[in-house]
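Since the structure comes first, as structure tokens, the remarks are kept for the end.
Here is the naming used below: chain letters follow the sequence lines, and residue numbers restart at 1 for every chain. Note that the coordinates shown come from a computational prediction; the quantities given were computed from them, not determined experimentally.
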Protein chains: 2
Amino acid sequence: MFDALWAALADPHRRAIVALLLERPRSVGEIAQACGLSQPGTSKHLKVLREAGLVRVRQDAQRRVHALDPAPMAALDAWLAPYRKLWTESLDALGRRLDERTDTHGTRAPKD
Amino acid sequence: MFDALWAALADPHRRAIVALLLERPRSVGEIAQACGLSQPGTSKHLKVLREAGLVRVRQDAQRRVHALDPAPMAALDAWLAPYRKLWTESLDALGRRLDERTDTHGTRAPKD
DNA sequence: ACCCAATATGCCTCTGTAGTTATATGCCTG
DNA sequence: CAGGCATATAACTACAGAGGCATATTGGGT
């Protein structure tokens, strides 16, 4: 299921759909128009998102209103966690180095 | 480049490589063996990761030691940010509901 | 019951890509 | 400078996925 999540979000159109649903739930037609996709194409993308658990459907007459379910993204966040530590360290280190450069005068770089 | 990042991480083998490089930099051969991949396959995956900016190479004699560069993942994190807010809200709401259920014992939580 | 609107599904094509084998390149060592 | 490693690249095969079209399906209104 984790693989399905990554695969679902790997497609730019599907990320666009997800971003669209971040604002509010929408019908298939709305999504298709907003993303410049055909209706069948949109349906297929939504199916992938549904199977990844990222989207839920509510039936309203003939409309199928799709709403975002952000829960699976917590898994992405968890996956990202170990790396987050690293890149914040890098940024911190960079910041410190820049601070030192302005504070004292640089380790290697001549002041001028 | 953002697309390349998603595409790179969409592949399970490449995520495995990235996770492997989280521990320490490794040569192509090491990676291939650890992931059960062929040498050419590994090279190709590493190329994708390199072009996504996730990996950097240091040449050591014949070895090419690849190291993780977690910086691009910050972009993933930024992308995830708006959704993170949502799912924490959901979890909070769930927590509150459970609390109310134990606190009072009403099914419908008639607290207010 | 019929018809219309909204959506899903099947089929086809095409591109992209993962995997494999074989070969080329680069770099050290004797 | 010849030989052996480690890695990259090329050529090929196979298959998954995205897009487009036509059509089936579902629900509602009259």
Practice task
Tell me whether V65(A) is reachable from L68(A) by hopping between hydrophobic residues (I, L, V, M, F, W, Y) whose side-chain heavy atoms are closer than 4.5 Å.
Solution key: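 Different clusters: L68(A) never reaches V65(A) through Ile, Leu, Val, Met, Phe, Trp or Tyr contacts under 4.5 Å.
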Enumerate donor-acceptor pairs with a distance under 3.5 Å from any side-chain N or O in residues 26-42 of chain B to protein atoms, sequence neighbours excluded.
from, atom 1, to, atom 2, distance (Å)
R26(B), NH2, E23(B), OE1, 2.6
S27(B), OG, E30(B), N, 3.3
E30(B), OE1, S27(B), N, 3.1
E30(B), OE2, R24(B), NH1, 3.2
S38(B), OG, G41(B), N, 3.1
Q39(B), NE2, S43(B), OG, 3.4
T42(B), OG1, S38(B), O, 2.7

Validation row: [X], [Y] side chains within 4.5 angstrom (heavy atoms):
| X | Y | value |
| --- | --- | --- |
| L76(A) | L9(A) | yes |
| I17(A) | L21(A) | yes |
| M73(A) | D77(A) | no |
| H66(A) | R64(A) | yes |

Practice task
Kindly state which residues belonging to residues 16-24 of chain A come within less than 4.0 angstrom of DNA chain D, counting heavy atoms of the residue only, listed by number.
Solution key: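 Nothing qualifies; none.
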Just list the side-chain donor-acceptor pairs under 3.5 Å for residues 44-61 of chain B, sequence neighbours left out, or say none.
from, atom 1, to, atom 2, distance (Å)
H45(B), ND1, R14(B), NH1, 3.1
R56(B), NE, D69(B), OD2, 3.2

Practice task
Identify whether any heavy atom of T42(A) sits under 4.0 Å from a base atom; if not, whether one sits that close to sugar-phosphate; answer base, sugar-phosphate or nothing.
Solution key: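 Since no nucleic acid heavy atom lies under 4.0 Å of T42(A), the category is nothing.
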Practice task
Determine to 10° how strongly the helix from dA1(C)-dT30(D) to dG30(C)-dC1(D) is bent, judged from the axes of its five-pair ends.
Solution key: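 The two end axes of the helix from dA1(C)-dT30(D) to dG30(C)-dC1(D) meet at 20°.
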Handout entry: B/S/- contact track for nucleotides 14-30 of chain C, protein heavy atom under 4.0 Å
Key = ----SSSBB---BBS--
Practice task
Over 60° means perpendicular and under 30° means parallel, so classify the ring planes of Y83(A) and W79(A), tilted if in between.
Solution key: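 Ring orientation of W79(A) relative to Y83(A): tilted.
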Exercise for the section: Anything under 4.0 Å to a heavy atom of chain B counts; send over the first and last such nucleotide of DNA chain D, read 5' to 3'. Expected result: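 For DNA chain D, the relevant span reads dG4(D) to dT9(D).
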